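This one's a predicted model, so the numbers in the text were calculated from it and none came from an experiment. In what follows, chains are A, B, ... by sequence order, proteins preceding strands, each numbered from 1.
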2 protein chains.
Amino acid sequence: MNAEAIKRSLESGGLRCTPQRYAVMAFLTECKRHPTAAEIFEAVNRVDPRSSRATTYNNLRDLVQAGLVREVAVEGRAARFDAKGMRHHHFICDRCGNVEDIEWYNVRRPASRSLGKRILRECELIFRGLCIKCAQRRASG
Amino acid sequence: MNAEAIKRSLESGGLRCTPQRYAVMAFLTECKRHPTAAEIFEAVNRVDPRSSRATTYNNLRDLVQAGLVREVAVEGRAARFDAKGMRHHHFICDRCGNVEDIEWYNVRRPASRSLGKRILRECELIFRGLCIKCAQRRASG
DNA sequence: GAACAGTCTGGAATATATCTAATGTGACAT
DNA sequence: ATGTCACATTAGATATATTCCAGACTGTTC
Ligand SMILES: [Mn+2]
Ligand SMILES: [Mn+2]
Ligand SMILES: [Zn+2]
Ligand SMILES: [Zn+2]
(Lines give C-alpha, C1' and ligand atoms only; values in the text may rest on other atoms or scores of the structure.)
(Ligands and ions follow the chains in the order given, each with its own letter.)
Protein backbone atom coordinates (compact mmCIF):
# COMPACT_ATOMS: atom_id res chain seq x y z
CA MET A 1 0.00 0.00 0.00
CA ASN A 2 1.33 3.42 -0.91
CA ALA A 3 1.49 6.55 1.21
CA GLU A 4 -1.70 8.02 -0.21
CA ALA A 5 -3.67 4.86 0.45
CA ILE A 6 -2.51 4.78 4.06
CA LYS A 7 -3.40 8.42 4.48
CA ARG A 8 -6.85 7.76 3.07
CA SER A 9 -7.44 4.74 5.27
CA LEU A 10 -6.56 6.77 8.35
CA GLU A 11 -8.94 9.52 7.35
CA SER A 12 -11.67 7.04 6.51
CA GLY A 13 -11.36 5.87 10.11
CA GLY A 14 -11.83 9.44 11.34
CA LEU A 15 -8.18 9.79 12.32
CA ARG A 16 -5.86 12.63 11.43
CA CYS A 17 -2.80 11.60 9.55
CA THR A 18 -0.03 12.63 11.92
CA PRO A 19 3.56 11.61 11.23
CA GLN A 20 3.65 9.26 14.24
CA ARG A 21 0.31 7.67 13.44
CA TYR A 22 1.24 7.30 9.82
CA ALA A 23 4.51 5.64 10.78
CA VAL A 24 2.71 3.04 12.92
CA MET A 25 0.17 2.27 10.22
CA ALA A 26 2.77 2.14 7.46
CA PHE A 27 4.94 -0.23 9.45
CA LEU A 28 2.02 -2.54 10.22
CA THR A 29 0.91 -2.53 6.61
CA GLU A 30 4.24 -3.71 5.30
CA CYS A 31 5.10 -5.97 8.24
CA LYS A 32 4.45 -9.65 7.64
CA ARG A 33 5.04 -10.67 11.23
CA HIS A 34 2.78 -9.71 14.13
CA PRO A 35 4.85 -7.21 16.07
CA THR A 36 4.34 -6.24 19.70
CA ALA A 37 3.87 -2.61 20.75
CA ALA A 38 7.50 -2.53 21.85
CA GLU A 39 8.67 -3.80 18.46
CA ILE A 40 6.52 -1.26 16.64
CA PHE A 41 7.86 1.51 18.86
CA GLU A 42 11.42 0.47 18.09
CA ALA A 43 10.79 0.05 14.37
CA VAL A 44 9.16 3.44 13.80
CA ASN A 45 11.96 5.07 15.73
CA ARG A 46 14.67 3.59 13.56
CA VAL A 47 13.42 6.12 11.03
CA ASP A 48 12.22 9.61 11.88
CA PRO A 49 10.05 11.01 13.28
CA ARG A 50 10.85 9.89 16.76
CA SER A 51 7.76 8.75 18.55
CA SER A 52 7.29 8.21 22.25
CA ARG A 53 6.14 4.96 23.81
CA ALA A 54 2.91 6.59 25.02
CA THR A 55 2.15 7.85 21.52
CA THR A 56 2.76 4.41 20.07
CA TYR A 57 0.28 2.91 22.52
CA ASN A 58 -2.19 5.76 21.97
CA ASN A 59 -2.06 5.38 18.22
CA LEU A 60 -2.37 1.61 18.37
CA ARG A 61 -5.47 2.03 20.56
CA ASP A 62 -6.95 4.53 18.11
CA LEU A 63 -6.19 2.34 15.11
CA VAL A 64 -7.77 -0.68 16.75
CA GLN A 65 -10.87 1.34 17.67
CA ALA A 66 -11.12 2.63 14.12
CA GLY A 67 -11.10 -0.97 12.90
CA LEU A 68 -7.91 -0.56 10.88
CA VAL A 69 -5.72 -2.71 13.09
CA ARG A 70 -6.32 -5.96 14.93
CA GLU A 71 -4.93 -6.68 18.37
CA VAL A 72 -4.16 -10.30 19.18
CA ALA A 73 -3.87 -11.16 22.85
CA VAL A 74 -1.49 -14.03 23.53
CA GLU A 75 -1.55 -15.65 26.97
CA GLY A 76 1.38 -14.62 29.10
CA ARG A 77 2.93 -12.46 26.41
CA ALA A 78 2.68 -8.96 25.02
CA ALA A 79 -0.21 -8.26 22.66
CA ARG A 80 0.51 -8.42 18.95
CA PHE A 81 -0.84 -6.29 16.16
CA ASP A 82 -1.54 -6.48 12.46
CA ALA A 83 -3.13 -4.25 9.86
CA LYS A 84 -6.52 -5.57 8.81
CA GLY A 85 -5.87 -6.18 5.16
CA MET A 86 -7.15 -9.36 3.62
CA ARG A 87 -9.30 -11.43 5.95
CA HIS A 88 -7.46 -14.31 7.55
CA HIS A 89 -7.37 -16.54 10.61
CA HIS A 90 -4.52 -16.93 13.06
CA PHE A 91 -2.32 -19.74 14.23
CA ILE A 92 -0.69 -19.24 17.63
CA CYS A 93 2.24 -21.43 18.65
CA ASP A 94 1.91 -23.08 22.06
CA ARG A 95 5.65 -22.99 22.55
CA CYS A 96 6.99 -19.71 21.19
CA GLY A 97 3.81 -17.65 21.07
CA ASN A 98 4.35 -16.63 17.44
CA VAL A 99 1.25 -15.57 15.56
CA GLU A 100 0.95 -16.64 11.92
CA ASP A 101 -1.68 -15.99 9.27
CA ILE A 102 -3.86 -18.81 8.00
CA GLU A 103 -5.82 -18.55 4.77
CA TRP A 104 -9.33 -17.35 5.44
CA TYR A 105 -12.42 -19.47 5.08
CA ASN A 106 -15.99 -18.93 6.11
CA VAL A 107 -16.96 -19.79 9.68
CA ARG A 108 -20.43 -20.87 10.65
CA ARG A 109 -22.07 -18.40 13.01
CA PRO A 110 -23.61 -19.59 16.27
CA ALA A 111 -27.32 -20.27 16.49
CA SER A 112 -29.15 -17.07 17.40
CA ARG A 113 -30.66 -19.06 20.26
CA SER A 114 -27.26 -19.46 21.91
CA LEU A 115 -26.32 -15.83 21.27
CA GLY A 116 -29.43 -14.52 22.97
CA LYS A 117 -29.54 -10.73 23.11
CA ARG A 118 -25.81 -10.34 22.67
CA ILE A 119 -24.70 -8.22 19.72
CA LEU A 120 -22.25 -10.15 17.56
CA ARG A 121 -19.56 -8.13 15.81
CA GLU A 122 -17.21 -10.82 14.59
CA CYS A 123 -16.19 -14.45 14.77
CA GLU A 124 -12.52 -15.09 15.27
CA LEU A 125 -11.01 -18.48 14.58
CA ILE A 126 -7.72 -19.23 16.29
CA PHE A 127 -5.68 -22.35 15.69
CA ARG A 128 -3.25 -23.58 18.29
CA GLY A 129 -0.41 -26.03 18.21
CA LEU A 130 3.23 -25.93 17.18
CA CYS A 131 4.62 -23.66 14.50
CA ILE A 132 6.94 -25.19 11.93
CA LYS A 133 10.10 -24.22 13.78
CA CYS A 134 8.86 -25.60 17.10
CA ALA A 135 7.47 -28.77 15.51
CA GLN A 136 10.86 -29.49 13.92
CA ARG A 137 12.71 -28.72 17.11
CA ARG A 138 10.50 -31.15 19.00
CA ALA A 139 10.91 -33.88 16.37
CA SER A 140 14.70 -33.63 16.25
CA GLY A 141 15.38 -32.64 19.87
CA MET B 1 -18.08 -32.63 40.32
CA ASN B 2 -17.29 -34.20 43.68
CA ALA B 3 -14.03 -34.22 45.60
CA GLU B 4 -13.04 -37.67 44.41
CA ALA B 5 -13.57 -36.76 40.76
CA ILE B 6 -11.43 -33.65 41.11
CA LYS B 7 -8.71 -35.66 42.81
CA ARG B 8 -8.79 -38.20 40.02
CA SER B 9 -8.68 -35.57 37.29
CA LEU B 10 -5.61 -33.99 38.89
CA GLU B 11 -3.88 -37.33 39.09
CA SER B 12 -4.86 -38.20 35.53
CA GLY B 13 -3.00 -35.04 34.54
CA GLY B 14 0.10 -36.21 36.39
CA LEU B 15 -0.39 -33.70 39.19
CA ARG B 16 -0.34 -34.41 42.91
CA CYS B 17 -3.47 -33.45 44.72
CA THR B 18 -2.18 -30.84 47.14
CA PRO B 19 -4.63 -28.79 49.20
CA GLN B 20 -3.81 -25.59 47.32
CA ARG B 21 -4.01 -27.19 43.91
CA TYR B 22 -7.22 -28.94 44.81
CA ALA B 23 -8.72 -25.66 45.99
CA VAL B 24 -7.95 -23.95 42.67
CA MET B 25 -9.37 -26.82 40.63
CA ALA B 26 -12.45 -27.16 42.83
CA PHE B 27 -13.18 -23.46 42.59
CA LEU B 28 -12.80 -23.42 38.81
CA THR B 29 -15.00 -26.49 38.48
CA GLU B 30 -17.91 -24.93 40.30
CA CYS B 31 -17.37 -21.37 39.05
CA LYS B 32 -19.66 -20.34 36.23
CA ARG B 33 -17.84 -17.10 35.49
CA HIS B 34 -14.32 -16.90 34.10
CA PRO B 35 -12.28 -15.65 37.03
CA THR B 36 -8.90 -13.95 36.85
CA ALA B 37 -5.90 -15.29 38.77
CA ALA B 38 -6.46 -12.56 41.37
CA GLU B 39 -10.10 -13.60 41.82
CA ILE B 40 -9.13 -17.24 42.16
CA PHE B 41 -6.46 -16.34 44.68
CA GLU B 42 -8.98 -14.39 46.72
CA ALA B 43 -11.68 -17.05 46.47
CA VAL B 44 -9.54 -19.98 47.57
CA ASN B 45 -8.29 -17.92 50.48
CA ARG B 46 -11.75 -17.17 51.78
CA VAL B 47 -11.69 -20.81 52.85
CA ASP B 48 -8.62 -22.57 54.19
CA PRO B 49 -5.96 -23.47 53.39
CA ARG B 50 -4.37 -20.12 52.72
CA SER B 51 -2.50 -20.13 49.47
CA SER B 52 0.06 -17.62 48.28
CA ARG B 53 -0.21 -15.64 45.10
CA ALA B 54 2.82 -17.38 43.61
CA THR B 55 1.30 -20.79 44.33
CA THR B 56 -1.97 -19.79 42.72
CA TYR B 57 -0.12 -18.78 39.56
CA ASN B 58 2.08 -21.90 39.68
CA ASN B 59 -0.91 -24.18 40.02
CA LEU B 60 -2.83 -22.42 37.27
CA ARG B 61 0.17 -22.87 35.00
CA ASP B 62 0.40 -26.57 35.88
CA LEU B 63 -3.33 -27.10 35.38
CA VAL B 64 -3.23 -25.40 31.99
CA GLN B 65 -0.23 -27.48 30.94
CA ALA B 66 -1.99 -30.65 32.06
CA GLY B 67 -4.91 -29.71 29.85
CA LEU B 68 -7.39 -29.49 32.73
CA VAL B 69 -7.84 -25.73 32.62
CA ARG B 70 -8.11 -23.24 29.79
CA GLU B 71 -6.55 -19.81 29.89
CA VAL B 72 -8.30 -17.08 27.95
CA ALA B 73 -6.21 -14.03 27.11
CA VAL B 74 -8.26 -10.84 26.86
CA GLU B 75 -6.63 -7.79 25.30
CA GLY B 76 -5.61 -5.23 27.87
CA ARG B 77 -6.95 -7.21 30.81
CA ALA B 78 -5.91 -9.98 33.14
CA ALA B 79 -6.13 -13.53 31.80
CA ARG B 80 -9.21 -15.55 32.68
CA PHE B 81 -9.50 -19.22 33.46
CA ASP B 82 -12.05 -21.99 33.29
CA ALA B 83 -12.05 -25.72 33.93
CA LYS B 84 -12.25 -27.66 30.69
CA GLY B 85 -15.50 -29.47 31.26
CA MET B 86 -17.96 -29.69 28.42
CA ARG B 87 -16.61 -28.29 25.15
CA HIS B 88 -17.76 -24.77 24.36
CA HIS B 89 -16.85 -21.59 22.57
CA HIS B 90 -16.38 -18.16 24.07
CA PHE B 91 -17.96 -14.76 23.66
CA ILE B 92 -15.81 -11.82 24.75
CA CYS B 93 -17.44 -8.44 25.30
CA ASP B 94 -15.76 -5.53 23.52
CA ARG B 95 -16.78 -3.16 26.26
CA CYS B 96 -16.44 -4.91 29.62
CA GLY B 97 -14.15 -7.78 28.65
CA ASN B 98 -16.41 -10.40 30.21
CA VAL B 99 -16.00 -13.93 28.89
CA GLU B 100 -19.13 -16.02 28.44
CA ASP B 101 -19.69 -19.58 27.28
CA ILE B 102 -21.37 -20.29 23.97
CA GLU B 103 -22.84 -23.67 23.13
CA TRP B 104 -20.33 -25.77 21.28
CA TYR B 105 -20.62 -26.70 17.63
CA ASN B 106 -18.21 -28.29 15.23
CA VAL B 107 -15.72 -26.03 13.44
CA ARG B 108 -14.31 -26.82 10.08
CA ARG B 109 -10.55 -27.39 10.20
CA PRO B 110 -8.25 -25.52 7.83
CA ALA B 111 -7.06 -27.16 4.67
CA SER B 112 -3.91 -29.15 5.37
CA ARG B 113 -2.33 -27.15 2.55
CA SER B 114 -2.66 -23.91 4.52
CA LEU B 115 -1.47 -25.57 7.75
CA GLY B 116 1.72 -26.84 6.14
CA LYS B 117 4.00 -28.66 8.58
CA ARG B 118 2.44 -27.02 11.63
CA ILE B 119 1.04 -29.39 14.24
CA LEU B 120 -2.57 -28.48 15.00
CA ARG B 121 -3.75 -29.08 18.57
CA GLU B 122 -7.07 -27.28 18.63
CA CYS B 123 -9.37 -24.81 16.91
CA GLU B 124 -10.73 -22.10 19.11
CA LEU B 125 -13.70 -20.03 18.07
CA ILE B 126 -14.10 -16.66 19.77
CA PHE B 127 -17.08 -14.40 19.27
CA ARG B 128 -16.80 -10.70 19.90
CA GLY B 129 -19.35 -7.97 20.36
CA LEU B 130 -21.45 -6.68 23.23
CA CYS B 131 -22.65 -8.81 26.13
CA ILE B 132 -26.27 -8.52 27.14
CA LYS B 133 -25.57 -5.97 29.87
CA CYS B 134 -23.48 -3.75 27.62
CA ALA B 135 -25.92 -4.07 24.69
CA GLN B 136 -28.76 -2.89 26.91
CA ARG B 137 -26.72 -0.09 28.36
CA ARG B 138 -25.89 1.13 24.86
CA ALA B 139 -29.52 0.90 23.71
CA SER B 140 -30.91 2.82 26.69
CA GLY B 141 -27.95 5.16 27.32
C1' DG C 1 15.80 -40.83 59.96
C1' DA C 2 18.50 -39.16 55.87
C1' DA C 3 17.80 -37.93 51.31
C1' DC C 4 15.09 -36.42 47.69
C1' DA C 5 11.67 -34.44 44.62
C1' DG C 6 8.08 -31.68 44.59
C1' DT C 7 5.62 -27.94 46.65
C1' DC C 8 4.69 -23.65 49.17
C1' DT C 9 5.73 -18.94 50.67
C1' DG C 10 6.57 -13.71 50.93
C1' DG C 11 8.71 -10.49 48.83
C1' DA C 12 11.47 -8.72 45.09
C1' DA C 13 11.77 -8.18 40.35
C1' DT C 14 10.15 -7.86 35.68
C1' DA C 15 7.04 -6.95 31.93
C1' DT C 16 3.38 -4.60 30.03
C1' DA C 17 0.34 -0.91 29.65
C1' DT C 18 -1.76 3.42 31.12
C1' DC C 19 -1.89 7.98 33.19
C1' DT C 20 -0.50 12.78 33.91
C1' DA C 21 0.62 17.36 33.23
C1' DA C 22 3.07 20.20 30.26
C1' DT C 23 3.97 21.27 25.58
C1' DG C 24 3.40 21.31 20.59
C1' DT C 25 0.64 21.64 16.15
C1' DG C 26 -2.40 22.89 12.65
C1' DA C 27 -7.01 24.66 11.30
C1' DC C 28 -9.76 28.25 11.49
C1' DA C 29 -11.84 32.63 12.97
C1' DT C 30 -11.06 37.41 14.03
C1' DA D 1 -0.95 38.05 12.06
C1' DT D 2 -2.78 36.70 16.22
C1' DG D 3 -5.85 34.16 19.27
C1' DT D 4 -8.24 30.14 20.11
C1' DC D 5 -9.44 25.49 20.09
C1' DA D 6 -9.28 20.59 19.61
C1' DC D 7 -6.28 17.24 19.13
C1' DA D 8 -1.73 15.06 19.50
C1' DT D 9 2.76 14.24 21.53
C1' DT D 10 6.13 13.71 25.20
C1' DA D 11 8.91 12.05 29.32
C1' DG D 12 8.37 10.16 33.17
C1' DA D 13 5.61 8.36 36.86
C1' DT D 14 2.34 5.00 37.96
C1' DA D 15 -0.52 0.90 37.84
C1' DT D 16 -1.33 -3.80 36.90
C1' DA D 17 -0.20 -8.52 35.91
C1' DT D 18 2.89 -12.05 36.18
C1' DT D 19 7.19 -14.38 37.20
C1' DC D 20 11.33 -15.16 39.83
C1' DC D 21 13.84 -16.34 43.88
C1' DA D 22 15.76 -18.37 47.98
C1' DG D 23 14.42 -20.62 51.83
C1' DA D 24 11.09 -23.55 54.33
C1' DC D 25 7.97 -27.39 54.28
C1' DT D 26 5.97 -32.24 53.11
C1' DG D 27 5.47 -36.75 51.89
C1' DT D 28 7.84 -40.81 50.03
C1' DT D 29 11.67 -43.91 49.45
C1' DC D 30 15.79 -46.24 50.99
MN1 LIG E 1 -2.54 -11.60 10.96
MN1 LIG F 1 -15.65 -21.03 29.33
ZN1 LIG G 1 6.72 -21.90 17.76
ZN1 LIG H 1 -20.10 -6.27 28.39
Side-chain angles (χ1 to χ4, degrees), chain A residues 6-7 10-11 13-27 34-45 47-66 68-81 95-97 99, chain B residues 6-7 10-11 13-27 34-45 47-66 68-81 92 95-99:
Chain A
I6 290 173
K7 192 153 174 275
L10 289 178
E11 278 156 6
L15 298 173
R16 276 196 204 162
C17 183
T18 68
Q20 292 85 348
R21 193 173 281 155
Y22 174 89
V24 169
M25 190 65 195
F27 176 66
H34 294 78
T36 62
E39 287 167 346
I40 295 165
F41 168 67
E42 202 203 359
V44 302
N45 275 331
V47 297
D48 272 356
R50 316 225 113 229
S51 179
S52 73
R53 199 160 28 98
T55 297
T56 304
Y57 275 103
N58 286 343
N59 282 329
L60 283 169
R61 184 196 354 86
D62 296 343
L63 291 167
V64 168
Q65 274 180 1
L68 298 173
V69 165
R70 166 181 316 199
E71 176 174 354
V72 184
V74 184
E75 338 77 68
R77 308 185 189 245
R80 290 158 172 281
F81 299 85
R95 242 194 101 267
C96 69
V99 177
Chain B
I6 290 173
K7 193 153 175 276
L10 288 179
E11 279 157 4
L15 298 174
R16 278 194 203 161
C17 183
T18 68
Q20 292 86 347
R21 192 173 283 154
Y22 174 90
V24 168
M25 191 65 197
F27 177 66
H34 294 79
T36 63
E39 287 167 346
I40 294 165
F41 169 67
E42 202 203 359
V44 303
N45 276 332
V47 296
D48 273 355
R50 317 222 112 233
S51 179
S52 74
R53 200 160 27 96
T55 297
T56 303
Y57 274 104
N58 285 343
N59 282 330
L60 283 170
R61 183 195 357 86
D62 295 345
L63 290 166
V64 169
Q65 273 181 0
L68 299 172
V69 165
R70 167 181 318 198
E71 176 174 355
V72 184
V74 184
E75 337 76 71
R77 306 185 190 247
R80 291 160 171 280
F81 298 86
I92 303 181
R95 241 193 102 268
C96 68
N98 266 355
V99 177

- Item | Heavy-atom closest contact (A/Arg77 atom, A/Cys96 atom, distance) | NH1-O, 3.1 Å
- Can you pull the salt bridge (Lys or Arg N to Asp or Glu O under 4.0 Å) pairs that have at least one residue in residues 34-44 of chain A, sequence neighbours excluded? A/Arg33-A/Glu39, A/Glu42-A/Arg46
- Item | Closest approach of A/Gln20 to A/Arg50 (non-hydrogen atoms, all atoms of both residues) | NE2-O, 4.1 Å
- Side-chain contact, heavy-atom cut-off 4.5 Å: B/Arg61 with B/Asn59? no
- Message: Distance check, rounded to the nearest 0.5 Å: B/Ser51 atom OG versus B/Asn58 atom CG?
- Response: 9.0 Å
- Task: Please test A/Val69 against A/Asp62 for side chain to side chain contact (heavy atoms under 4.5 Å, CB included), starting from the C-alpha separation and ending with a verdict.
- Result: CA-CA 9 Å; A/Val69 165; A/Asp62 296 343; over 6 Å; no
- Item | A/Phe81 to A/Thr36 - nearest heavy-atom pair and separation | CD1-C, 4.4 Å
- Which whole-number value in Å describes the distance from B/Glu42 CD to D/dT16 C1'? 16 Å
- Task: With a 4.0 angstrom cut-off to heavy atoms of chain A, pull out the first and last contacting nucleotide of DNA chain C, in 5'-to-3' order.
- Result: C/dT16 to C/dC19
So which protein nitrogen or oxygen atoms get under 3.5 Å of nucleotides 24-30 of chain D's nitrogens or oxygens?
none

- Whole-Å distance separating the CD1 atom of B/Ile40 from the P atom of D/dT18: 10 Å
- Task: Specify the separation, in whole Å, of atom CZ of B/Phe41 and atom C1' of D/dA17.
- Result: 14 Å
- Message: Going by the rule side chain to side chain contact (heavy atoms under 4.5 Å, CB included), which residues pair with A/Phe41 if we only count those two or more places apart in sequence or in a different chain?
- Response: A/Asn45, A/Arg53, A/Thr56
- Under 3.5 Å, side chain of A/Arg21 to main-chain N/O of A/Leu60, donor-acceptor pair present? no
- Item | Considering all heavy atoms, the nearest B/Gly13-B/Ala66 contact | O-CB, 3.7 Å
- Write down the distance between CZ (A/Arg61) and P (D/dC7), rounded to a whole number of angstrom. 13 Å
- Message: For A/Gly97 versus A/Arg80, what's the shortest heavy-atom pair and its separation?
- Response: O-NE, 3.7 Å
- Separation of A/Asp62 atom CG from D/dC7 atom P, in whole Å? 11 Å
- Item | For the student: nearest non-hydrogen atoms of B/Arg16 and B/Leu10, plus distance | O-CD1, 4.4 Å
Protein-nucleotides 10-12 of chain D N/O pairs closer than 3.5 Å?
unit_1, atom_1, unit_2, atom_2, d
D/dT10, OP1, A/Arg50, O, 2.7
D/dT10, OP2, A/Ser52, N, 2.7
D/dT10, OP2, A/Thr55, OG1, 3.1

- Task: Quickly work out the A/Tyr22 OH to D/dT9 P distance and round it to whole Å.
- Result: 15 Å
- Query: Considering only heavy atoms from C-beta outward, does the side chain of B/Asn98 approach that of B/Ile92 to under 4.5 Å?
  - Reply: no
- Item | Strand contacts (DNA chain C) in residues 69-79 of chain A, 4.0 angstrom heavy-atom criterion | A/Ala78, A/Ala79
